[in-house]
Amino acid sequence: MPAFSPKPTRSYNVRSISFPARSHPKICRIEEELNKLSYWDTSLANAETIHAGLSSLGEIYRCIEDLLNLTSTQQALAQQQEEKWVGDMLDDLIRYLDVCSFTIDAISLMKESVRDLQSALRRYKGGGDSSIENNINAYILCRKKMKKETAKSLASLKQKDSISAEPSLLTANDHYLSAVVKALREASWITISIFSSLFLFLSVPVLKPKHSKWSLLSKLVHKRSAVACEGQPEKMNELENVDLALTNLLVTSPSKDLEPQKIEGAQKMLETLDISIHEFENELECLFRHLIHTRVSLLNILSHQLE
């Protein structure tokens with residue numbers, strides 16, 4: 001299995017996207033959305049920024065879908081006879097659809113695990129209740145499985161950096177066609193970058209129950225202290241905050257009863273994570289639909305070229 005790498009094959013370049021003058025309004029709209037993401041930093045994205053990125057990405061592919069359905073776009077591509085380029089783009093879309101589908105399924109399972117744990121915390125009555133520990137263990141197993149599978153998905157994304165256009169197409173005098181190709185290429189690059197950020201978010205170190213219950217707590221507290229000493233904002237994401245809350249919860253009092261304030265703290269962190277997962281799920285489902293429609297539009301163009 002390929003090792004998970006925290007760095008994407010291609011970082012999204014920090015720049016303002018510029019398309020040919022007098023571009024079609026649909027192309028201008030894609031340009032606007034791409035410029036929102038021009039400063040995207042894969043390694044620093046948190047739940048809020050990833051959610052915003054997925055939302056913009058869905059809008060980009062919605063605009064691309066509309067662009068490909070324009071008669072002017074279809075005629076321009078047909079005149080250039082770019083069957084190979086369209087075929088490469090179709091392959092990329094299949095890969096993005098596979099990754100998107102997997103991610104939706106994976107975070108849906110995580111959402112179920114989070115909600116089971118929330119329910120167990122609400123029902124806790126004290127004493128020898130083992131349901132919370134059982135649910136924590138189930139949550140940990142879910143996290144470990146996700147970490148393992150996201151490595152595979154990231155490797156799939158990296159098989160090809162982006163679509164590659166034929167030199168004749170990019171140097172053609174048809175500025176409109178060049179703008180269409182540029183829009184699709186930029187969209188492909190930022191798709192890989194945003195999914196890489198999402199996988200980094202989902203792949204933070206997992207709480208390991210075989211170790212001392214103090215070990216992860218100490219590690220996370222040390223991380224916060226080190227960051228604070230450097231004068232930088234804390235970079236704990238929502239998953240790490242849940243890990244910290246759950247580990248703190250397991251450090252029980254001599255009576256072995258869970259402390260109410262620790263339960264409350266864990267519930268707050270789980271609720272925040274649940275909201276983030278739900279937002280990811282909604283945006284990914286929307287993106288999945290737009291990717292399908294984009295692929296159908298390209299298939300129609302390709303079929304007309306082959307007639």
Side-chain angles (χ1 to χ4, degrees), residues 8-40 52-97 100 157 160-196 286-307:
T9 303
R10 178 192 297 272
S11 298
Y12 193 58
N13 295 331
V14 180
R15 65 185 186 278
S16 176
I17 310 302
S18 179
F19 289 90
R22 292 173 299 183
S23 292
H24 189 279
K26 294 293 183 183
I27 296 177
C28 292
R29 178 60 180 154
I30 295 172
E31 178 184 357
E32 290 175 6
E33 292 299 324
L34 286 169
N35 279 325
K36 289 180 183 179
L37 302 170
S38 61
Y39 291 92
W40 187 268
L54 288 170
S55 179
S56 290
L57 194 60
E59 178 63 15
I60 287 169
Y61 279 102
R62 185 191 69 78
C63 294
I64 288 175
E65 174 193 342
D66 292 342
L67 182 64
L68 292 174
N69 286 327
L70 293 174
T71 302
S72 54
T73 303
Q74 295 171 357
Q75 289 176 343
L77 287 172
Q79 289 171 1
Q80 290 293 327
Q81 293 297 310
E82 295 294 340
E83 296 95 341
K84 181 181 184 302
W85 173 79
V86 176
D88 287 344
M89 182 61 185
L90 287 170
D91 290 342
D92 284 344
L93 287 169
I94 282 291
R95 184 157 50 253
Y96 301 154
L97 282 166
C100 195
L157 274 181
K160 186 176 180 181
D161 272 353
S162 64
I163 59 171
S164 56
E166 294 290 332
S168 61
L169 184 59
L170 291 177
T171 58
N173 292 325
D174 189 335
H175 295 297
Y176 174 78
L177 183 57
S178 296
V180 171
V181 173
K182 189 179 179 87
L184 292 171
R185 186 174 63 246
E186 297 285 350
S188 188
W189 287 344
I190 192 57
T191 299
I192 294 173
S193 190
I194 289 176
F195 270 107
S196 295
C286 180
L287 175 60
F288 186 83
R289 290 193 296 271
H290 290 311
L291 287 170
I292 288 178
H293 294 158
T294 299
R295 189 170 186 276
V296 168
S297 298
L298 275 173
L299 282 171
N300 289 335
I301 291 174
L302 183 61
S303 64
H304 290 155
Q305 288 179 349
L306 297 177
E307 288 177 356

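The basis for the numbers below is simple: all heavy atoms, side chains too, and nothing from hydrogens, waters or symmetry mates.
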Is L184 close to I30 at the side-chain level, that is, under 4.5 Å between some pair of heavy atoms?
no

With rounding to the nearest 0.5 angstrom, report the CD to CG distance, Q74 to L298.
10.0 Å

Quick one: closest heavy-atom pair of S193 and W40, and the distance?
OG-CD1, 3.2 Å

Would you call E32 and K36 a salt bridge, taking side-chain N to carboxylate O under 4.0 Å as the test?
no

Stepwise side chain to side chain contact (heavy atoms under 4.5 Å, CB included) check, N300 with L68
CA-CA 10 Å; N300 289 335; L68 292 174; over 6 Å; no

I'd like to know whether I190 forms a side chain to side chain contact (heavy atoms under 4.5 Å, CB included) with E186, so could you lay out the CA-CA distance, the side-chain angles of the two residues, the decisive distance to 0.1 Å, and finally the verdict.
CA-CA 6 Å; I190 192 57; E186 297 285 350; over 6 Å; no

Between E59 and E33, is there a donor-acceptor pair closer than 3.5 Å when you use the side chain of the first and the backbone of the second?
no

Is R62 salt-bridged to D66, going by a charged N under 4.0 Å from an acidic O?
yes

Pair F195, L287 - check side chain to side chain contact (heavy atoms under 4.5 Å, CB included), show working.
CA-CA 12 Å; F195 270 107; L287 175 60; 3.9 Å; yes

What is the minimum heavy-atom distance between L97 and R295, and which atoms define it?
CD1-CD, 4.2 Å

What is the minimum heavy-atom distance between Y61 and A187, and which atoms define it?
OH-O, 3.6 Å

For a quick test of reading the model, state the closest non-hydrogen atom pair linking C100 to L291 and the distance between them.
CB-CD1, 4.5 Å

OG1 (T73) and CG (L67) are apart, to the nearest 0.5 Å, by 4.0 Å

To the nearest 0.5 Å, what is the distance between OG (S188) and CD1 (I64)?
9.0 Å

Looking at every heavy atom in both I194 and L54, which two are closest together, and how far apart are they?
CG2-CD2, 3.9 Å

According to side-chain hydrogen bond (donor to acceptor under 3.5 Å, both in side chains), who are the partners of S297, at least two apart in sequence or on a separate chain?
N69

Backbone N or O of A52 within a donor-acceptor pair of the S55 side chain at under 3.5 Å?
no

With rounding to the nearest 0.5 angstrom, report the CG to CH2 distance, L37 to W189.
14.5 Å

In a check of side-chain contact (heavy atoms from CB on, under 4.5 Å) between L93 and each of V296, T294, T191, which one passes?
T294

